[in-house]
Amino acid sequence: MPRPRHQGAIATAQKLVDELQIQEPSEIDIALIAAHLGLHLRRRPLPHEEGRLLRAGSFGLVVVADRAFDSAKWRFVVAHEIGHFLQHPDTDTFDICTGANLFGANLDSGREAEANDFASELLMPSRLFAPLCDRSRPSLDDVSELATAFETSLTATALRLVQLTREPCAVVHSTRGAVDWVDQSSGFVPTLGADQPLGGGTWAGELHAGAPPMSGPQTVDAACWSADPRAAGMKLQEHSRHVADTSVLTLLWHAAPSREGPSREGPSREGQS
C-alpha cells in the first residue's frame with residue numbers, strides 16, 4: 001500500500017513555492033531558497049550522516065556532507081533540512097539526518113517522513129511534476145529524464161513518480177541482494193515486502209549477482225517479486241539499475257486490468273547490452 005503522506009508538510013512546501021512564484025523547475029534554486037529563509041549552508045566531511053540542522057532563533061545552519069555533492073542528492077538534503085526548520089520550530093539542537101532518514105520510503109510517520117514529504121514537494125512541486133509523470137509503461141529512462149529536468153537524484157525522482165502517477169507502478173531499493181524499502185502507487189496490485197531477499201527470476205537479483213546492465217524494461221513473473229496470491233500468473237515490467245556499488249533501484253509496472261495484453265517471456269538475456 002502507498003505510504004500515507006504528511007499533508008501539513010506538503011501544504012507548507014506548496015505555500016512556499018507559490019510565494020516564490022516558481023513557474024519552472026529551473027527556478028527551484030534550493031541554496032537561494034534556504035538563504036531566503038535565513039538558513040546558511042556549509043559543506044563538511046560528515047562521516048556518518050548526510051546533513052545536520054542547527055537552529056538559532058529564526059536563523060539556522062545546514063551542514064551537508066561532502067559526498068552528497070557528488071550528485072544532485074545535496075539538493076534533497078538541503079530541502080529536507082528546510083522541512084525540519086519550518087515544520088519543527090521547537091527543535092533547537094543538531095538534527096542528524098542519515099541516508100535512511102532521507103530515502104527510507106517505509107517511514108510511515110514521524111519527523112523524518114514529514115521532512116521528506118516537504119522536500120519532495122519543494123523540489124518537485126506536484127503542479128509542475130504530475131503533468132509530466134503519467135507515461136504509458138514508465139521506466140527508469142523516464143525517471144532519469146525527470147531527474148535531469150528537476151535536478152534531483154534518481155531515487156528521489158522515482159519515489160515522486162510513484163506518488164503522483166496514475167500508472168500502477170512501484171519503486172524498490174535493494175542492497176546486496178535484499179530489499180531495503182518499497183513504495184508503490186495506489187493502483188499497483190501485488191503487495192511488495194521489505195526486509196527480504198530478492199527472489200530468483202528478478203533482474204535486480206541478477207544485477208546484484210554481477211549481470212550486465214539492462215538496456216530497458218523486461219517482463220518478469222510477479223510471483224518472483226511478491227508472495228501476494230494476486231501475483232500468481234501476473235506479469236510485471238521490471239527496469240533495474242545500479243545506483244551504488246552494492247545498491248539497485250527498481251521500477252516495476254503492470255498494465256491496468258482493462259489494458260492487460262499479451263506478455264513477453266522473461267527474464268532472459270535478450271535486450272542486454
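These numbers come from a predicted model, not from an experiment.
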Please enumerate all residues that pass salt bridge (charged side-chain N to carboxylate O under 4.0 Å, His left out) together with [X], with sequence neighbours excluded.
| X | value |
| --- | --- |
| R241 | D141 |
| R176 | none |
| R160 | E121 |

Note to self: Please evaluate residues L159 and S120 with respect to the criterion side chain to side chain contact (heavy atoms under 4.5 Å, CB included), reporting the C-alpha separation (whole Å), side-chain torsions for both, the decisive distance (0.1 Å), and the verdict.
What the structure shows: CA-CA 9 Å; L159 281 164; S120 293; over 6 Å; no
Is there a side-chain contact between [X] and [Y] in this structure, where contact means two heavy atoms from C-beta onward sitting under 4.5 Å apart?
| X | Y | answer |
| --- | --- | --- |
| Q184 | V171 | no |
| H173 | V179 | no |
| L154 | S144 | yes |
| P138 | T165 | no |
| L146 | V143 | no |
| L122 | V17 | yes |
| E50 | F76 | no |
| T191 | R230 | yes |

Margin query: Taking I10 as the starting point, is it possible to reach V162 by hopping between hydrophobic residues whose side chains are less than 4.5 Å apart?
Written below: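 No, it is not one cluster - the side chains of V162 and I10 are not joined through contacts under 4.5 Å.
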Check: Would a hydrophobic clustering, with Ile, Leu, Val, Met, Phe, Trp and Tyr connected at side-chain separations under 4.5 Å, put L53 with F69?
Finding: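 They do share one cluster, since a chain of ILVMFWY contacts under 4.5 Å joins L53 to F69.
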Verify, without hydrogens or angle tests, whether [X] (side chain) and [Y] (backbone) share a donor-acceptor contact under 3.5 angstrom.
| X | Y | answer |
| --- | --- | --- |
| Q196 | G193 | yes |
| D117 | E114 | no |
| T12 | G8 | yes |

Nearest 0.5 Å please: distance from the [atom1] atom of [X] over to the [atom2] atom of [Y].
| X | Y | atom1 | atom2 | value |
| --- | --- | --- | --- | --- |
| S153 | L123 | OG | CG | 9.5 Å |
| S174 | L198 | OG | CG | 4.5 Å |
| I82 | L16 | CD1 | CG | 7.5 Å |
| L252 | H239 | CG | NE2 | 11.5 Å |
| K15 | L20 | NZ | CG | 12.0 Å |
| Q7 | Q14 | CD | CD | 8.0 Å |

Taking all atoms of both residues into account, what is the closest heavy-atom pair of [X] and [Y], and its distance?
| X | Y | value |
| --- | --- | --- |
| P217 | Q237 | CB-OE1, 3.7 Å |
| L161 | C169 | CD2-SG, 3.8 Å |
| P131 | S126 | CD-O, 3.8 Å |
| P190 | S226 | CB-OG, 3.8 Å |
| V77 | G51 | CG1-CA, 3.9 Å |
| G200 | C224 | O-SG, 3.2 Å |

Margin query: Less than 4.0 angstrom from a charged side-chain N to a carboxylate O is my criterion; do E167 and R135 meet it?
Written below: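 No, no charged N to carboxylate O under 4.0 Å.
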For residues 22-45, which side-chain N or O atoms pair as donor and acceptor with protein atoms under 3.5 Å away, sequence neighbours left out?
{"from": "E27", "atom 1": "OE1", "to": "Q23", "atom 2": "N", "distance (Å)": "2.6"}
{"from": "E27", "atom 1": "OE1", "to": "E24", "atom 2": "N", "distance (Å)": "3.4"}
{"from": "D29", "atom 1": "OD1", "to": "A31", "atom 2": "N", "distance (Å)": "3.3"}
{"from": "D29", "atom 1": "OD1", "to": "L32", "atom 2": "N", "distance (Å)": "3.2"}
{"from": "R43", "atom 1": "NE", "to": "D66", "atom 2": "OD1", "distance (Å)": "3.0"}

Item checked: Pairs flagged by ring pair (Phe, Tyr, Trp, His ring centres under 6.0 Å) wherever residues 147-166 is involved - sequence neighbours left out ->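 Matches after skipping sequence neighbours: F129-F150.
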Margin query: Quick one about H84 and E112 (side-chain donor to acceptor, distance below 3.5 Å, no hydrogens or angles considered), yes or no?
Written below: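 Yes, H84 and E112 have a side-chain donor paired with an acceptor closer than 3.5 Å.
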Item checked: T246 versus T175, side-chain donor and acceptor atoms under 3.5 Å ->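 Checked: T175/T246 side chains show no N/O donor-acceptor pair below 3.5 Å.
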Next item on the list: For V64 and K73, run side chain to side chain contact (heavy atoms under 4.5 Å, CB included): C-alpha distance rounded to whole Å, both residues' side-chain angles, the deciding distance at 0.1 Å, then the answer.
Entry: CA-CA 10 Å; V64 181; K73 181 191 287 188; over 6 Å; no
Next item on the list: Please identify each residue that fulfils side chain to side chain contact (heavy atoms under 4.5 Å, CB included) with E151, with sequence neighbours left out.
Entry: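 Result, side chain to side chain contact (heavy atoms under 4.5 Å, CB included) vs E151: R75.
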Check: With a cut-off of 6.0 Å (strictly less than), are more than 12 heavy atoms of other residues, nucleotides or ligands near CD of Q21?
Finding: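 No, the 6.0 Å shell around CD holds no more than 12 heavy atoms from other groups.
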Notebook entry, point to check: Around atom CG of D70, are there more than 12 heavy atoms of other residues, nucleotides or ligands at under 6.0 Å?
Noted result: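 Atom CG in D70 is crowded, with more than 12 foreign heavy atoms closer than 6.0 Å.
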Margin query: Please determine whether side-chain hydrogen bond (donor to acceptor under 3.5 Å, both in side chains) holds for the pair E238 and Q218, giving the CA-CA distance in whole Å, both sets of side-chain angles, and the decisive distance to 0.1 Å.
Written below: CA-CA 5 Å; E238 176 187 345; Q218 300 289 331; over 6 Å; no
Next item on the list: For the pair R52 and V62, evaluate side chain to side chain contact (heavy atoms under 4.5 Å, CB included) and give the outcome as yes or no after the intermediate values.
Entry: CA-CA 6 Å; R52 288 184 175 223; V62 173; over 6 Å; no
Next item on the list: Verify side chain to side chain contact (heavy atoms under 4.5 Å, CB included) between L192 and V172, making sure each step is shown before the conclusion.
Entry: CA-CA 9 Å; L192 303 175; V172 182; 4.0 Å; yes
Checklist line | ring pair (Phe, Tyr, Trp, His ring centres under 6.0 Å) between F118 and H80, worked out | finding: CA-CA 7 Å; F118 174 92; H80 179 96; 9.4 Å; no
Next item on the list: Return the orientation label for the H254 and F188 ring planes: parallel under 30°, perpendicular over 60°, tilted otherwise.
Entry: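 Ring orientation, 0 to 90° scale: tilted.
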